[in-house]
Novice: 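Encoded as structure tokens, here's the structure I'll be asking about.
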Protein chains: 2
Amino acid sequence: MRRRNTATKDAVLSVLHSTGKAMSQGAIEKEIGVDINRATIYRVLNRYCEDGVLHRIVADDGRQYFALCVECDKKQKPLHHFHFRCEKCETIECLPEPVHFSISNDYKVEKVNCVLTGICKDCVNS
Amino acid sequence: MRRRNTATKDAVLSVLHSTGKAMSQGAIEKEIGVDINRATIYRVLNRYCEDGVLHRIVADDGRQYFALCVECDKKQKPLHHFHFRCEKCETIECLPEPVHFSISNDYKVEKVNCVLTGICKDCVNS
DNA sequence: AATATTAATGCGACCAAGTTGCATTAATTT
DNA sequence: AAATTAATGCAACTTGGTCGCATTAATATT
């Protein structure tokens, strides 16, 4: 099941690159310009997550947001980092702040999902 | 708009007390014994959150879970604490582990939502 | 104790996010 | 150029959660 290159996949990646933030399917659909089916966008995003190109954040609004893993690398973000969801501009940002925790070895931790919510620095002064 | 005491509200609280964990509407409905409407349970839960009796956690499954704030107090949990969602027994636990982070003052942080996901200590040995 | 007030409930309809089945299209292999 | 099968579009569906509205019942008032 080798992956194939398509215009849709490229378009999704380029939108994520250009905004530099984590985006929901809806936000991507709005920004992407061309008309791409909702289900297709979800499938592209899910595939990228499987392939380690994107990571998925579930925010406290219950929705999924997707962010480039490369973006995180560039800014030297740790594997598990905080995310900030701005309620005004409706974007999610990967923060350089690492998530630290200690937990009994009896627990098997598989995923870490930390989201701060509020007004981001761009929106707080406007 | 003074709150009124009802059997439904008591039943919801007592289920949460008896399990000692954060529960979704669905889990509460299953455990509660009596037949209570879905919308009503949600309304009860939302009211309790407004009143500071419960707090709401949105897990990485995108669903809302509700936990007693008193439970947290008892175990001396900090205001912002980690939560652990077990994928096997489908419960969420409030952990005593506090959430620490530092972020630029330019951001206005209003909510903190941190969930670890995996297999809890009760399920890992079974 | 009887009545008035209005919060709480049940029901059904509704919405939004996300997924899935299936026929069709098109990227890669041969 | 033909064959293979991943990717897409569409519609239907699922699930979590909310809302409007008529009805019920907890509290306040008499």
Side-chain angles (χ1 to χ4, degrees), chain A residues 1-15 22-51 53-67 85 87 90-92 111 113 115 117, chain B residues 1-16 22-51 53-67 83 85 87 90-92 111 113 115 117:
Chain A
M1 216 226 255
R2 194 190 271 82
R3 295 276 134 91
R4 295 178 180 181
N5 297 322
T6 69
T8 296
K9 291 174 65 177
D10 291 347
V12 168
L13 270 201
S14 94
V15 167
M23 300 175 81
S24 64
Q25 174 277 324
I28 292 169
E29 191 173 341
K30 244 186 254 169
E31 290 289 316
I32 208 167
V34 289
D35 191 48
I36 301 176
N37 186 268
R38 202 159 55 98
T40 301
I41 295 179
Y42 275 115
R43 277 187 282 227
V44 167
L45 293 169
N46 285 332
R47 263 180 258 139
Y48 275 137
C49 284
E50 282 172 33
D51 297 349
V53 176
L54 300 181
H55 63 283
R56 183 193 319 264
I57 307 120
V58 179
D60 59 326
D61 59 2
R63 295 194 297 167
Q64 304 183 357
Y65 291 77
F66 301 87
R85 178 170 75 90
E87 289 180 308
E90 293 185 334
T91 65
I92 290 199
K111 282 178 264 181
N113 196 69
V115 182
T117 303
Chain B
M1 216 226 257
R2 195 190 270 85
R3 296 273 134 95
R4 295 177 181 181
N5 297 322
T6 68
T8 296
K9 290 174 67 176
D10 291 349
V12 168
L13 269 200
S14 94
V15 167
L16 283 164
M23 299 174 80
S24 65
Q25 174 277 324
I28 293 170
E29 190 173 341
K30 245 188 253 169
E31 290 288 316
I32 207 167
V34 289
D35 190 47
I36 301 175
N37 185 268
R38 201 161 56 99
T40 301
I41 295 180
Y42 275 114
R43 276 187 283 228
V44 167
L45 293 169
N46 286 331
R47 264 181 257 137
Y48 275 137
C49 284
E50 281 171 34
D51 297 349
V53 176
L54 300 180
H55 63 284
R56 183 194 319 265
I57 307 119
V58 179
D60 58 325
D61 59 1
R63 295 193 299 167
Q64 303 183 356
Y65 292 76
F66 300 86
H83 296 91
R85 177 168 76 90
E87 288 180 308
E90 293 186 336
T91 64
I92 290 199
K111 284 179 263 179
N113 195 71
V115 182
T117 303

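Residue numbers start from 1 in every chain, and the chains themselves are labelled A, B, ... in the order their sequence lines are given, proteins ahead of strands. Only this structure's heavy atoms are used, side chains among them; waters, hydrogens and symmetry mates stay out.
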Novice: Between A:Thr6 and B:Arg38, which has a closest nucleotide on DNA chain C that is more 5'?
Specialist: B:Arg38
Novice: Return the angle between end axes of the helix from C:dA1-D:dT30 to C:dT30-D:dA1, with five pairs used per end and rounding to 10°.
Specialist: 30°
Novice: What is the distance, rounded to the nearest whole Å, between atom CG of B:Asn37 and atom P of D:dC19?
Specialist: 15 Å
Novice: Could you state the CG-C1' distance from A:Leu45 to D:dA7, rounded to the nearest angstrom?
Specialist: 14 Å
Novice: Using a cut-off of under 3.5 Å, enumerate the N/O to N/O pairs linking the protein to nucleotides 20-25 of chain D.
Specialist:
unit_1: D:dG20; atom_1: O6; unit_2: B:Arg43; atom_2: NH1; d: 3.3

Novice: Would you mind classifying the nucleic acid contact of A:Gln64 as base, sugar-phosphate or nothing, using non-hydrogen atoms under 4.0 angstrom?
Specialist: sugar-phosphate
Novice: Please give, in whole Å, the distance from C:dT9 P to B:Ile32 CD1?
Specialist: 10 Å
Novice: Quick one: list whatever passes side-chain contact (heavy atoms from CB on, under 4.5 Å) with A:Ser14, sequence neighbours left out.
Specialist: none
Novice: Taking CG from B:Asn46 and C1' from D:dG17, how many angstroms apart are they, rounded to a whole number?
Specialist: 9 Å
Novice: State the CD1-CD1 distance between B:Ile41 and B:Ile28, to the nearest 0.5 angstrom.
Specialist: 6.5 Å
Novice: Take B:Arg3 and B:Glu50 through the test salt bridge (Lys or Arg N to Asp or Glu O under 4.0 Å) and record every step on the way to the result.
Specialist: CA-CA 12 Å; B:Arg3 296 273 134 95; B:Glu50 281 171 34; 3.7 Å; yes
Novice: If you look only at pairs with a residue in residues 34-47 of chain B, which of them pass as a side-chain hydrogen bond (donor to acceptor under 3.5 Å, both in side chains), with sequence neighbours excluded?
Specialist: B:Asn46-B:Arg56
Novice: Only one of B:Asp10, B:Leu13, B:Thr6, B:Val12 passes side chain to side chain contact (heavy atoms under 4.5 Å, CB included) with B:Val44; say which it is.
Specialist: B:Val12
Novice: Given atom OH of A:Tyr48 and atom P of D:dA6, what is their separation to the nearest angstrom?
Specialist: 17 Å
Novice: Can you run down the salt bridge (Lys or Arg N to Asp or Glu O under 4.0 Å) pairs that involve residues 25-34 of chain A, sequence neighbours left out, and say none if there aren't any?
Specialist: none
Novice: Restricting to salt bridge (charged side-chain N to carboxylate O under 4.0 Å, His left out), what partner residues turn up for A:Lys111, sequence neighbours left out?
Specialist: B:Asp60, B:Glu87
Novice: Which residues pass the side-chain contact (heavy atoms from CB on, under 4.5 Å) test with B:Asn5, not counting sequence neighbours?
Specialist: none
Novice: SG of A:Cys49 to CD of A:Gln64: how many Å apart, nearest 0.5 Å?
Specialist: 8.0 Å
Novice: For B:Thr91, enumerate each residue passing the side chain to side chain donor-acceptor pair (under 3.5 Å) test, keeping only those at least two apart in sequence or located in another chain.
Specialist: B:Lys21
Novice: Of B:Gly26 and B:Arg2, whose nearest nucleotide on DNA chain D comes first from the 5' end?
Specialist: B:Gly26
Novice: In whole angstroms, how far is the P atom of D:dG9 from the CD atom of A:Gln25?
Specialist: 12 Å
Novice: A:Arg56 has an atom CZ; how far is it from atom C1' of C:dT19, in whole Å?
Specialist: 12 Å
Novice: Kindly state which residues belonging to residues 7-15 of chain B come within less than 4.0 angstrom of DNA chain D, counting heavy atoms of the residue only, listed by number.
Specialist: none
Novice: In the structure I gave you, are the side-chain heavy atoms of B:His83 and B:Tyr65 within less than 4.5 Å of one another anywhere?
Specialist: no
Novice: Does D:dT8 have OP1 or OP2 under 4.0 Å away from a side-chain N or O of A:Arg47?
Specialist: yes
Novice: Quick one: A:Asn5 CG to D:dT5 C1', roughly how many Å, whole number?
Specialist: 15 Å
Novice: Does A:Tyr42 put a side-chain nitrogen or oxygen below 4.0 Å from OP1 or OP2 of C:dT19?
Specialist: no
Novice: Does A:Ile41 or B:Tyr65 map to a spot on DNA chain D nearer the 5' end, using the closest nucleotide for each?
Specialist: A:Ile41
Novice: Would you please name every residue forming a side-chain contact (heavy atoms from CB on, under 4.5 Å) with B:Ala27, sequence neighbours left out?
Specialist: B:Met23, B:Ser24
